[in-house]
Amino acid sequence: MVGGQATEQGDCSRFKTTLPHCCKKTPTIVDLLPGTPYNQQYTNCCKGGVLSSWVQDPEKAVGSFQISVGQAGTTNKTVRLPKNFTLNTPGPGYTCARAKVVKPTKFISPDKRRVTQAMMTWNVTCTYSQILAQKTPTCCVSLSSFYNDTIVPCPKCSCGCQRNATHPGSCVEPDSPYLASVVSASNKNSYTPLVRCTKHMCPIRVHWHVKVNYKQYWRVKVTVTNFNYRMNYSDWNMVVQHPNFDNLTQSFSYNYKSITPYATINDTGMLWGIKFYNDILMQAGPLGNVQSELLFRKDEATFTFDKGWAFPRRVYFNGDNCVMPPPDAYPWLPNSGFRQYVSLLTLIMTCLSTIAVMYAYA
């Protein structure tokens with residue numbers, strides 16, 4: 001193998017001279033760490049198994065290794081397709097299809113005067129499912145605005161509920177004297193979140209605050225808070241859907257790139273941290289948050305603060321769909337808030353009183 005290694009060698013006792021790298025029928029292959037000697041590297045290898053998204057960093061979005069399979073023969077008839085692929089990540093979530101034979105890969109010599117091709121090339125597609133990865137959501141969204149004192153929190157039990165009576169380790173109070181011992185316990189390498197005790201119980205909370213309204217622009221503050229004591233989110237990313245992203249003027253502390261899922265409709269953008277500044281979202285604590293402000297230019301044909309238009313339609317953190325508050329809980333404009341409390345009975349009584357006064361003084 002070059003650029004990767006099997007976690008176990010297995011039983012290679014039947015080989016007397018050169019021992020194979022691995023003799024297991026179902027090997028587990030892992031990426032090599034950065035700093036691997038050059039004679040053991042392969043193109044796009046040695047990232048420690050950490051891959052970035054294609055939008056954030058195309059060079060770090062690909063991982064590869066080379067493997068030579070012995071005793072496979074030298075013809076297309078003797079080479080067999082591998083079976084039962086599994087893409088292992090921090091927790092389940094990926095389902096891999098069967099290997100599919102495609103056109104043989106061609107290799108060009110360094111002098112580019114000769115082309116050789118592989119005996120057989122196959123393709124395997126693995127698909128991510130948030131439901132398979134975790135039974136409960138992993139993030140939620142809270143909302144607030146300058147024109148309303150109401151702060152809409154994440155929905156209660158968005159990512160589960162506190163069950164300290166039966167599961168005392170389900171969450172940790174931030175002022176607990178035993179916090180350090182719980183975080184450094186033997187299961188600290190577990191990928192199961194150990195979150196701060198909150199009403200929403202989510203490892204990640206995204207807060208969208210409509211901050212300022214200018215004549216031609218409006219400003220939003222976005223804060224991502226980590227409530228997970230077990231994980232630092234390195235190279236995190238967030239995808240937000242909002243109709244005004246086609247007029248985004250500036251992102252102050254996040255990187256931004258437009259995503260156009262519906263061709264000409266530009267209502268979705270990806271946000272991620274700036275390298276060596278806020279690209280690592282630290283675990284729960286004083287440093288467990290990153291924030292930025294977004295400046296949008298107003299489009300007179302579509303812009304409004306009414307009916308929750310200023311808030312995002314959907315938010316995804318690291319590919320997982322975040323739980324949004326119900327639409328009827330969004331912060332209302334002051335005049336909208338007044339209208340919603342005027343009942344039909346009040347209007348009828350007001351009309352009757354006016355008619356009675358008119359008759360009395362007629």
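It should be emphasised that the depicted structure is a prediction, and the values quoted were computed from it without experimental measurement.
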Could you tell me whether F296 and F245 have their ring centroids closer than 6.0 angstrom?
-> yes

Would T260 and N266 count as having a side-chain donor-acceptor pair, cut-off 3.5 Å?
-> no

Aromatic plane relationship, W218 with W309 - under 30° parallel, 30 to 60° tilted, over 60° perpendicular | tilted

So do C202 and C139 have their SG atoms closer than 2.5 Å?
-> no

Atom CZ of R98: over 12 foreign heavy atoms under 6.0 Å = no

Is a side-chain N or O of Y233 found less than 3.5 angstrom from the main chain of D279, in a donor-acceptor match?
-> no

Looking at D235 and K275, does any basic side-chain N land under 4.0 Å from a carboxylate oxygen?
-> yes

For atom OH of Y277, decide whether the heavy atoms of other residues, nucleotides or ligands shown that lie under 6.0 angstrom number more than 12.
-> no

Where the side chain of K298 meets the backbone of Y214, is there a donor-acceptor pair that is under 3.5 Å apart?
-> yes

With a 4.5 Å limit on heavy-atom distance, are the side chains of L19 and Q9 in contact?
-> yes

Passing candidate, side chain to side chain contact (heavy atoms under 4.5 Å, CB included) with V141, options V323, V240, V315 = V315

Without swapping roles, check the side chain of W208 against the backbone of A310 for a donor-acceptor pair under 3.5 Å.
-> yes

Output yes when a side-chain donor or acceptor of K47 lies under 3.5 Å from a complementary backbone atom of N44, and no otherwise.
-> yes

Scan side-chain atoms only and decide if D320 and T138 contain a donor-acceptor pair under the 3.5 Å cut-off.
-> yes

So, does N289 use its side chain to make a donor-acceptor pair with the main chain of A284 at under 3.5 Å?
-> no

Residue pair D306, T304: steps toward the side chain to side chain donor-acceptor pair (under 3.5 Å) verdict | CA-CA 5 Å; D306 197 12; T304 179; 5.2 Å; no

Validation row, ring centre Y94 to ring centre Y128 under 6.0 Å = yes

In terms of ring plane angle, is the pair W236 and F317 parallel, tilted or perpendicular, where the classes change at 30° and 60°?
-> parallel

Tell me yes or no: between the side chains of D267 and Q241, is some donor less than 3.5 Å from an acceptor?
-> yes

State, with a plain yes or no, whether a side-chain heavy atom of M324 is found less than 4.5 Å away from one of Y330.
-> yes

Heavy-atom donor-acceptor pair, Q162 side chain to C157 backbone, under 3.5 Å | no

Please answer whether the main-chain N or O of A72 pairs with a side-chain N or O of T78 as donor and acceptor at a distance below 3.5 Å.
-> yes

Are C140 and C159 close enough that their SG atoms are less than 2.5 Å apart?
-> no

What about the rings of F146 and H209, do their centers lie closer together than 6.0 Å?
-> no

Heavy-atom donor-acceptor pair, N318 side chain to N237 backbone, under 3.5 Å = yes

Check: L295 main-chain N/O paired with R297 side-chain donor or acceptor under 3.5 Å | no

Hphob cluster co-occupancy, V124 + M120, side-chain heavy atoms under 4.5 angstrom | yes

Neighbour count above 12 (heavy atom, 6.0 Å) for F276 CZ = no

Looking only at atom types and distance, does a side-chain atom of S142 sit under 3.5 Å from a main-chain N or O of P153, one as donor and one as acceptor?
-> no

Counting heavy atoms not belonging to I151, are there more than 12 under 6.0 Å from its CD1?
-> no

Cluster overlap M231 with V224, hydrophobic side-chain contacts below 4.5 Å | yes

Without hydrogens or angle criteria, can the side chains of T121 and T105 be said to hold a donor-acceptor pair below 3.5 Å?
-> yes

Close side-chain approach of N213 to Y147, heavy-atom, < 4.5 Å | no

Using the benzene-type ring in the case of Trp, are the ring centres of F227 and Y229 under 6.0 Å apart?
-> no

Please tell me if the side chains of I204 and N226 come closer than 4.5 Å, counting only heavy atoms from C-beta onward.
-> yes

Do K211 and E293 pass the salt bridge (charged side-chain N to carboxylate O under 4.0 Å, His left out) test, and can you show the C-alpha distance, the side-chain angles, and the key distance before you say yes or no?
-> CA-CA 9 Å; K211 186 176 181 179; E293 294 189 4; 2.4 Å; yes

Quick one: do the N232 and S234 side chains pair a donor with an acceptor below 3.5 Å?
-> no

